[in-house]
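Since this is a predicted model, take the numbers as computed values, not measurements.
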Amino acid sequence: MSKTSQQNPTTDASGVSVIHTQAHSSGLQQVPQLVPVSPGGGGKAVPPSKQGKKSSFVDRNSDEYRQRRERNNMAVKKSRLKSKQKAQDTLQRVNQLKEENERLEAKIKLLTKELSVLKDLFLEHAHNFADNVQPVGTETTTTNAESSGQ
């Protein structure tokens, strides 16, 4: 079985060479191979958004061009205003949080002082109470000593 094949390279609209191969004597069909046109292996991929657009010259004096520019300018102004407003809102929120933080820190200081004063009062009261109260075992011993001495 001898194979004789014939290759017919063609280039399609996308710039890719397609090689069609025909096998004569074997009766087998071969799948077409895609080969890049450039020897380096390929160029830049074109995004889908740019494929359908023509790179023709745009008449800057046309009504369509002026309308598109006007809409774009309005969109840019709107976007910039929105960005400025967002920045102002953020700054205002930051200032509010700073003020709230200062109030809370002042409250913490006040409550800490109050806690310290209450602790001191409690310890003083506990110390005085301990000095005035005699232990139960000592009281009975002195009472017994006094009664036996009489």
Side-chain angles (χ1 to χ4, degrees), residues 3-24 26-143:
K3 289 185 185 179
T4 59
S5 62
Q6 184 178 4
Q7 294 183 349
N8 299 324
T10 58
T11 305
D12 66 359
S14 65
V16 175
S17 293
V18 179
I19 300 174
H20 298 282
T21 309
Q22 296 175 346
H24 289 288
S26 69
L28 298 174
Q29 287 185 329
Q30 292 183 352
V31 178
Q33 299 174 355
L34 296 178
V35 180
V37 175
S38 65
K44 276 189 171 181
V46 179
S49 62
K50 300 278 184 179
Q51 286 178 351
K53 295 183 179 182
K54 295 180 183 177
S55 60
S56 63
F57 178 73
V58 176
D59 183 18
R60 294 180 180 229
N61 295 325
S62 70
D63 289 337
E64 179 188 353
Y65 177 79
R66 290 292 344 136
Q67 287 175 351
R68 284 191 294 151
R69 293 302 316 141
E70 211 172 295
R71 279 189 304 216
N72 181 261
N73 290 341
M74 288 172 35
V76 167
K77 285 179 186 177
K78 183 179 177 182
S79 174
R80 288 179 183 158
L81 283 174
K82 187 176 178 182
S83 178
K84 283 182 184 179
Q85 183 64 44
K86 187 174 181 180
Q88 287 176 349
D89 292 346
T90 302
L91 185 62
Q92 184 179 4
R93 180 74 175 137
V94 166
N95 289 334
Q96 287 174 349
L97 291 173
K98 281 182 179 179
E99 289 175 7
E100 183 180 0
N101 192 33
E102 288 173 4
R103 283 193 304 269
L104 291 172
E105 285 178 356
K107 189 173 183 178
I108 287 172
K109 284 182 182 178
L110 179 69
L111 290 173
T112 304
K113 282 183 181 179
E114 186 178 340
L115 178 64
S116 178
V117 168
L118 290 173
K119 269 186 185 178
D120 289 343
L121 284 173
F122 175 77
L123 291 174
E124 185 180 330
H125 178 71
H127 182 69
N128 287 340
F129 184 75
D131 287 346
N132 291 337
V133 175
Q134 296 177 349
V136 176
T138 312
E139 220 175 90
T140 54
T141 315
T142 37
T143 311

For Gln96, is the CD atom crowded, meaning more than 12 foreign heavy atoms sit under 6.0 Å from it?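 Above 12, so yes.
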Are side-chain heavy atoms of Leu115 and Leu111 found at a separation under 4.5 Å?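 Not in contact.
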Taking the side chain as every heavy atom from C-beta outward, state whether Glu124 and Asp120 have any pair of such atoms under 4.5 Å apart.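 With C-beta onward as the side chain, the pair stays apart.
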side-chain contact (heavy atoms from CB on, under 4.5 Å) evaluation trace for Leu91 with Asn95: CA-CA 6 Å; Leu91 185 62; Asn95 289 334; 4.2 Å; yes
Would you compute the distance between atom NE2 of His125 and atom CG of Leu118 and round it to the nearest 0.5 angstrom?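 His125 NE2 to Leu118 CG: 13.0 Å, rounded to 0.5 Å.
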Summary of side-chain hydrogen bond (donor to acceptor under 3.5 Å, both in side chains) pairs that have at least one residue in residues 78-87, sequence neighbours excluded: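 As it turns out, the side-chain hydrogen bond (donor to acceptor under 3.5 Å, both in side chains) pairs with a partner in residues 78-87, which skip direct neighbours, are Gln85-Asp89.
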By side-chain hydrogen bond (donor to acceptor under 3.5 Å, both in side chains), which residues pair with [X], not counting sequence neighbours?
{"X": "Asn73", "answer": "Arg69"}
{"X": "Asn101", "answer": "none"}
{"X": "His127", "answer": "Asp131"}

Counterpart residues, side chain to side chain contact (heavy atoms under 4.5 Å, CB included), relative to Ile108 (two or more places apart):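 Here the qualifying residues are Thr112.
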Who pairs with Arg103 by side chain to side chain contact (heavy atoms under 4.5 Å, CB included), at least two apart in sequence or on another chain?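 Result, side chain to side chain contact (heavy atoms under 4.5 Å, CB included) vs Arg103: Glu99, Glu100.
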List the atom of Arg60, the atom of Arg66, and the distance in Å for their closest heavy-atom pair.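 Closest pair (atom of Arg60, atom of Arg66, distance): O-CD, 4.2 Å.
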